[in-house]
2 protein chains.
Amino acid sequence: MGMHGMSTARPYKHVLDRLQEAGLRPTRQRLALGRLLFEGEDRHVTAEQLHAEARHARISVSLATIYNTLHQFTAAGLLREVVVDAGRSYFDTNVHEHHHFFNEETGHLLDIEETRLSVSDLPPPPAGMCISRVDVIVRVARTEPAIKAQAAE
Amino acid sequence: MGMHGMSTARPYKHVLDRLQEAGLRPTRQRLALGRLLFEGEDRHVTAEQLHAEARHARISVSLATIYNTLHQFTAAGLLREVVVDAGRSYFDTNVHEHHHFFNEETGHLLDIEETRLSVSDLPPPPAGMCISRVDVIVRVARTEPAIKAQAAE
DNA sequence: ATATCAATTCAGAACGATTCTAAAATCTAC
DNA sequence: GTAGATTTTAGAATCGTTCTGAATTGATAT
Ligand SMILES: [Mn+2]
Ligand SMILES: [Mn+2]
Ligand SMILES: [Zn+2]
Ligand SMILES: [Zn+2]
């Protein structure tokens, strides 16, 4: 049922292993989404984007399953959720500590390697609390938001 | 109508001035919300929180107006939007450059003065882009998320 | 292979936050 | 006061996400 093409020599193996390690059954949907997510470069996707991509690839998956899968992958440490925009969740295939440039106009995220940026002098967290994660979001825009107000206020 | 109490000697003046500066008509709703927002310490509120607070203070304002006002105040530079949680927008009365501790359990934000934290070695933004803002979110949790799994897996 | 049973998927409903609509109310200027 | 532009508002609509429960699939045992 549905094995077509030869450009898929052995690539399933990698994803299959990751699912097994994570204790997730290798269902048709998880394998297909896993391939979309993990077989190329690192990426940042929203649920809707991944859904559209699956549709293009002729993979039939419901949106509910996209959400389930993204959350299961996240819980398993295969993905990481990035919050940059109220109202939209991004999922990141790069689960190492790192930070982001965020282009608000296009919605694109770009990684900043952890080693290339340092956050220092962090004050101690409130009593009884410990730091679970430090997120740095560098919001970027097209250079010079119009050359108005050139007489610097 | 509805001027009751004497604890409101002249405090309107401050908010009124800020509205005028911003070119916003001093309507009953804007004045009332402005007072809630700007008369005490700096704070971080969601639209629903502010709406509830207004209701408590017997100020009748629709939720639509809460949203309109928060966005107008933000556009005018009287507030700043903080994104820490997909699905909920926080508005910050502290518009100076600063960063945040965010308690995901309670949803509370706590300011980190800009001078107390430094982000260095920021790589240059992608070509043709300029940095519009750098947000540092330090997510905190109750110390030691339970002492389970003490025999390190 | 077939039966069994838990895990998974899915369509569609429900949800919560936010935005939109367009009619009524309010503000400002005269 | 009136006129005209701005603002407010109730309610509907929208959007991303989560929930529901029935149908399907996967893993295991026979
Ligand atoms: Mn926004
Ligand atoms: Mn979330
Ligand atoms: Zn990333
Ligand atoms: Zn703040």
Side-chain angles (χ1 to χ4, degrees), chain A residues 1-3 12 15-17 19-34 36 44-55 58-76 78-79 81-91 104 107 109, chain B residues 1-3 12 15-16 19-34 36 44-55 58-76 78-79 81-91 104 107:
Chain A
M1 63 235 10
M3 62 195 62
Y12 278 101
V15 172
L16 204 145
D17 288 346
L19 291 180
Q20 228 129 40
E21 261 175 69
L24 295 168
R25 283 193 189 178
T27 64
R28 180 174 60 72
Q29 291 84 344
R30 285 182 185 148
L31 278 167
L33 296 177
L36 287 180
H44 307 92
V45 293
T46 66
E48 289 288 359
Q49 278 166 17
L50 185 59
H51 194 212
E53 205 170 309
R55 211 181 297 106
R58 293 281 162 63
I59 298 160
S60 152
V61 197
S62 73
L63 187 55
T65 296
I66 298 276
Y67 277 104
N68 287 343
T69 303
L70 287 172
H71 285 135
Q72 289 153 355
F73 283 11
T74 301
L78 300 178
L79 290 177
E81 203 174 338
V82 183
V83 178
V84 284
D85 184 5
R88 197 182 307 265
S89 268
Y90 285 80
F91 293 86
E104 311 215 30
L109 281 164
Chain B
M1 44 197 73
M3 62 197 63
Y12 279 100
V15 173
L16 205 145
L19 290 179
Q20 229 128 41
E21 261 175 68
L24 294 168
R25 285 191 186 177
T27 64
R28 180 173 60 71
Q29 290 85 344
R30 285 180 185 151
L31 278 166
L33 296 177
L36 288 179
H44 307 92
V45 293
T46 65
E48 289 287 359
Q49 279 166 17
L50 185 60
H51 193 213
E53 206 171 308
R55 211 181 296 108
R58 293 283 161 62
I59 300 160
S60 153
V61 198
S62 74
L63 186 56
T65 296
I66 298 275
Y67 276 104
N68 288 342
T69 303
L70 287 173
H71 285 136
Q72 289 153 355
F73 283 11
T74 301
L78 301 177
L79 290 176
E81 201 174 340
V82 183
V83 178
V84 284
D85 184 6
R88 195 184 308 265
S89 269
Y90 285 80
F91 293 86
E104 310 215 31

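Per chain, numbering begins at 1; letters A, B, ... match sequence-line order.
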[X], nearest nucleotide to its side chain (from [options]):
{"X": "A/Ser60", "options": "C/dA6, C/dC10, D/dT7", "value": "C/dC10"}
{"X": "B/Pro26", "options": "C/dT28, C/dT9, D/dT9", "value": "C/dT28"}
{"X": "A/Arg28", "options": "C/dT19, D/dT9, C/dC10", "value": "C/dC10"}
{"X": "B/Ser62", "options": "C/dC27, C/dA11, D/dA10", "value": "D/dA10"}
{"X": "A/Thr65", "options": "C/dC10, D/dT9, C/dT18", "value": "C/dC10"}
{"X": "B/Tyr67", "options": "C/dA17, D/dT9, D/dT18", "value": "C/dA17"}
{"X": "B/Val61", "options": "D/dC19, C/dA17, D/dT9", "value": "D/dT9"}

Can you find a heavy atom in the side chain of [X] that is under 4.5 Å from one in the side chain of [Y]?
{"X": "B/Leu33", "Y": "B/Ile66", "answer": "yes"}
{"X": "B/Leu63", "Y": "B/Glu48", "answer": "yes"}
{"X": "A/Ile59", "Y": "A/Leu36", "answer": "yes"}

Report the distance from atom [atom1] of [X] to atom [atom2] of [N], rounded to the nearest whole Å.
{"X": "A/Asn68", "N": "D/dC19", "atom1": "CG", "atom2": "P", "answer": "10 Å"}
{"X": "A/Leu70", "N": "D/dG16", "atom1": "CG", "atom2": "P", "answer": "15 Å"}
{"X": "B/Arg30", "N": "D/dT6", "atom1": "CZ", "atom2": "C1'", "answer": "8 Å"}
{"X": "B/Gln49", "N": "C/dG16", "atom1": "CD", "atom2": "C1'", "answer": "15 Å"}
{"X": "A/Asp85", "N": "D/dG16", "atom1": "CG", "atom2": "C1'", "answer": "11 Å"}
{"X": "A/Leu19", "N": "C/dA7", "atom1": "CG", "atom2": "P", "answer": "17 Å"}
{"X": "B/Leu63", "N": "C/dT18", "atom1": "CG", "atom2": "C1'", "answer": "8 Å"}
{"X": "B/Leu16", "N": "C/dT28", "atom1": "CG", "atom2": "C1'", "answer": "14 Å"}

Check your understanding: When all nucleic acid strands are considered with a 4.0 Å heavy-atom cut-off, which category describes B/Arg25: base, sugar-phosphate, or nothing?
Key ->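 Here B/Arg25 touches the bases of the nucleic acid.
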
Exercise for review: Tell me what B/Thr27 touches on the nucleic acid: a base, only sugar-phosphate, or nothing, going by heavy atoms under 4.0 Å.
Suggested key: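 Sugar-phosphate, no base atom in range.
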
Exercise for review: On DNA chain C, check which nucleotide each of B/Gln20 and B/Tyr90 is closest to and give me the residue with the more 5' one.
Suggested key: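 Comparing both residues, the 5'-ward one is B/Tyr90.
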
Counting just side-chain N and O atoms, does [X] come under 4.0 Å of either OP1 or OP2 of [N]?
{"X": "A/Thr46", "N": "D/dG16", "result": "no"}
{"X": "A/Gln29", "N": "C/dC10", "result": "yes"}
{"X": "A/His51", "N": "D/dG16", "result": "no"}
{"X": "A/His71", "N": "D/dT18", "result": "yes"}

Review point. 5'-most contact on DNA chain D: B/Ala64 or A/Arg88, nearest heavy atom basis?
Key: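 Nearest nucleotide further toward 5': that of B/Ala64.
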
Check your understanding: Only one of B/Thr69, B/Leu79, B/Val82 clears side chain to side chain contact (heavy atoms under 4.5 Å, CB included) with B/Phe91; which?
Key ->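 Only match with B/Phe91 under side chain to side chain contact (heavy atoms under 4.5 Å, CB included): B/Leu79.
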
Check your understanding: Do we see a donor-acceptor contact under 3.5 Å between the side chains of A/Glu81 and A/Thr74?
Key ->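 On atom types as modelled, these side chains do not qualify, holding no pair under 3.5 Å.
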
Check your understanding: Would you say A/His51's side chain and A/Val61's backbone share a donor-acceptor pair under 3.5 angstrom?
Key ->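 Yes: the side chain of A/His51 pairs with the backbone of A/Val61.
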
